[in-house]
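So the structure is just underneath, and the comments pick up after that.
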Number of protein chains: 2
Amino acid sequence: MPDAIPAVRSQRLGKDILDEVPAYDLIELFFFAYRDFVSDPDRILDEYGFGRAHHRVLHFVDRQPGLTIAELLDILRITKQSLNRVLKELIEKDFVESRMGTADRRQRLLYVTAQGHDLALKLAKLQTRRIMQALADLEPEGKALISGYLLRLIDPDDRDHVERLVFGAGET
Amino acid sequence: MPDAIPAVRSQRLGKDILDEVPAYDLIELFFFAYRDFVSDPDRILDEYGFGRAHHRVLHFVDRQPGLTIAELLDILRITKQSLNRVLKELIEKDFVESRMGTADRRQRLLYVTAQGHDLALKLAKLQTRRIMQALADLEPEGKALISGYLLRLIDPDDRDHVERLVFGAGET
DNA sequence: TGAGATATGTCAACAAGGCTGACTTAAAAA
DNA sequence: TTTTTAAGTCAGCCTTGTTGACATATCTCA
């Protein structure tokens with residue numbers, strides 16, 4: 001009885017497994033990997049008196065010059081009060097600048113300064129080293145494979161938005 | 001001149017790229033993916049008056065019954081004061097229990113209660129659903145491939161430790 | 001056995017980075 | 001002209017991390 005119709009049985013298992021057997025290994029690896037991934041920049045940020053919140057803002061403004069406050073809030077999913085606290089510091093220390101919108105003068109368009117760009121790049125390179133070295137022998141398809149997986153981890157509703165943001169950042 | 005020795009040129013590029021061209025796509029995808037990954041449990045944790053810090057503690061105690069405080073601190077890399085705050089709440093609300101060590105009576109061995117195990121499992125399954133569905137057609141090698149990649153993202157010094165923790169959690 | 005090391009617990013104070021709610025101002029849109 | 005929208009600000013709160021100091025029980029080693 002237990003070894004009857006093995007093909008069907010393993011097919012059912014393949015489906016049930018989604019709900020029945022937790023993927024503890026991936027859950028934990030994701031936790032540890034992300035921790036090391038974000039901790040790389042910490043040392044450098046410290047030297048400037050910045051934290052991870054500043055890093056996130058600097059990163060996205062560097063990547064998308066002219067970003068508005070509303071767009072940035074949408075990306076970070078924090079409140080404007082939280083954003084304002086770190087953004088104010090980035091502006092005061094001259095890493096980011098805020099210009100009045102041209103089409104809509106209520107908007108503030110955000111740009112990194114030269115100094116801001118240098119820091120953003122430095123931090124991105126640091127994270128890139130880890131990310132690329134981990135690809136190891138997965139090349140040449142590895143990168144597409146990993147980015148595809150990460151994209152599918154994102155909520156389906158946001159996936160298109162993120163995809164545009166990540167892969168189409170150069171466009172207008 | 002530009003199209004001379006293309007093989008060598010692309011080989012050099014392949015190496016230089018590690019330091020020169022930031023992998024913005026992977027950096028950002030990792031950020032968004034991790035955010036959605038950890039946000040799944042939030043709603044449920046809220047119902048119990050717990051946060052992410054409680055989740056992490058509950059998870060690792062569930063996975064490794066009999067864990068000591070020192071071992072848990074080593075996994076989470078937080079101070080004992082921070083740990084104690086959330087651990088105390090988990091114990092008070094009867095999700096975790098602390099027993100005196102047998103070999104060394106200074107130690108406290110941590111165990112989840114039935115209630116604690118149920119919650120840990122519920123949260124793990126929630127995260128497993130996302131993680132496994134994202135594997136999609138990467139099967140059957142997908143899981144090993146992703147876990148290999150995540151493992152290589154971890155600091156080389158900790159890699160063995162994490163590997164034992166993640167893959168050898170059933171053993172004594 | 002006694003001294004020192006170790007595992008844990010606790011108190012107090014502080015910081016980063018989230019949050020809510022209320023209110024203002026300037027500019028755009030209806 | 002009225003209403004809506006984009007942004008800024010004030011005040012206060014929460015969670016989760018930190019440091020520093022100190023207490024207690026237990027183990028280990030000379």
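As the structure is a computational prediction, the values presented were derived from the model and not from experiment. Reminder, nothing fancy here: chain letters follow the sequence lines and each chain counts from 1.
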Whole-Å distance separating the [atom1] atom of [X] from the [atom2] atom of [N]:
X	N	atom1	atom2	answer
K88(B)	dT8(C)	NZ	P	16 Å
E92(A)	dT9(D)	CD	P	10 Å
L73(A)	dT9(D)	CG	P	14 Å
D42(B)	dC14(D)	CG	P	19 Å
E89(B)	dC14(D)	CD	P	13 Å
M100(B)	dC27(D)	CE	C1'	13 Å
D46(A)	dA16(C)	CG	C1'	12 Å
L90(A)	dG17(C)	CG	C1'	14 Å

What contact category does R85(B) fall into here, base, sugar-phosphate, or nothing, at under 4.0 angstrom with non-hydrogen atoms?
base

Partner of E28(B) by salt bridge (Lys or Arg N to Asp or Glu O under 4.0 Å), out of R63(A), R56(A), R164(A):
R63(A)

[N] phosphate, OP1 or OP2: any side-chain N/O from [X] under 4.0 angstrom?
X	N	value
R56(B)	dG17(D)	yes
N84(A)	dA7(D)	no
H54(A)	dA16(C)	no

Side chain [X], main chain [Y], donor-acceptor under 3.5 Å:
X	Y	result
R99(A)	L109(A)	no
D104(A)	R106(A)	yes
D40(A)	Q127(A)	no

Minimum-distance nucleotide (side-chain atoms of D104(B) versus dA7(C), dA28(C), dA7(D))
dA7(C)

In terms of the nearest nucleotide of DNA chain C, which residue is placed more toward the 5' end: L83(A) or Q107(B)?
Q107(B)

I want to confirm an ordering. Mapping T102(A) and F50(A) to their closest nucleotides on DNA chain C, which one lands closer to the 5' end?
F50(A)

Please confirm whether [X] and [Y] have ring centers closer than 6.0 angstrom.
X	Y	value
Y149(B)	Y149(A)	no
Y24(B)	F60(A)	no
Y34(A)	F37(B)	no

Every protein N/O within reach of nucleotides 19-22 of chain D N/O, cut-off under 3.5 Å:
unit_1, atom_1, unit_2, atom_2, d
dG20(D), O6, Q81(B), NE2, 2.7

Going by modelled atom types, is there a donor-acceptor pair between the base of dT5(D) and the side chain of R106(A) at under 3.5 Å?
yes

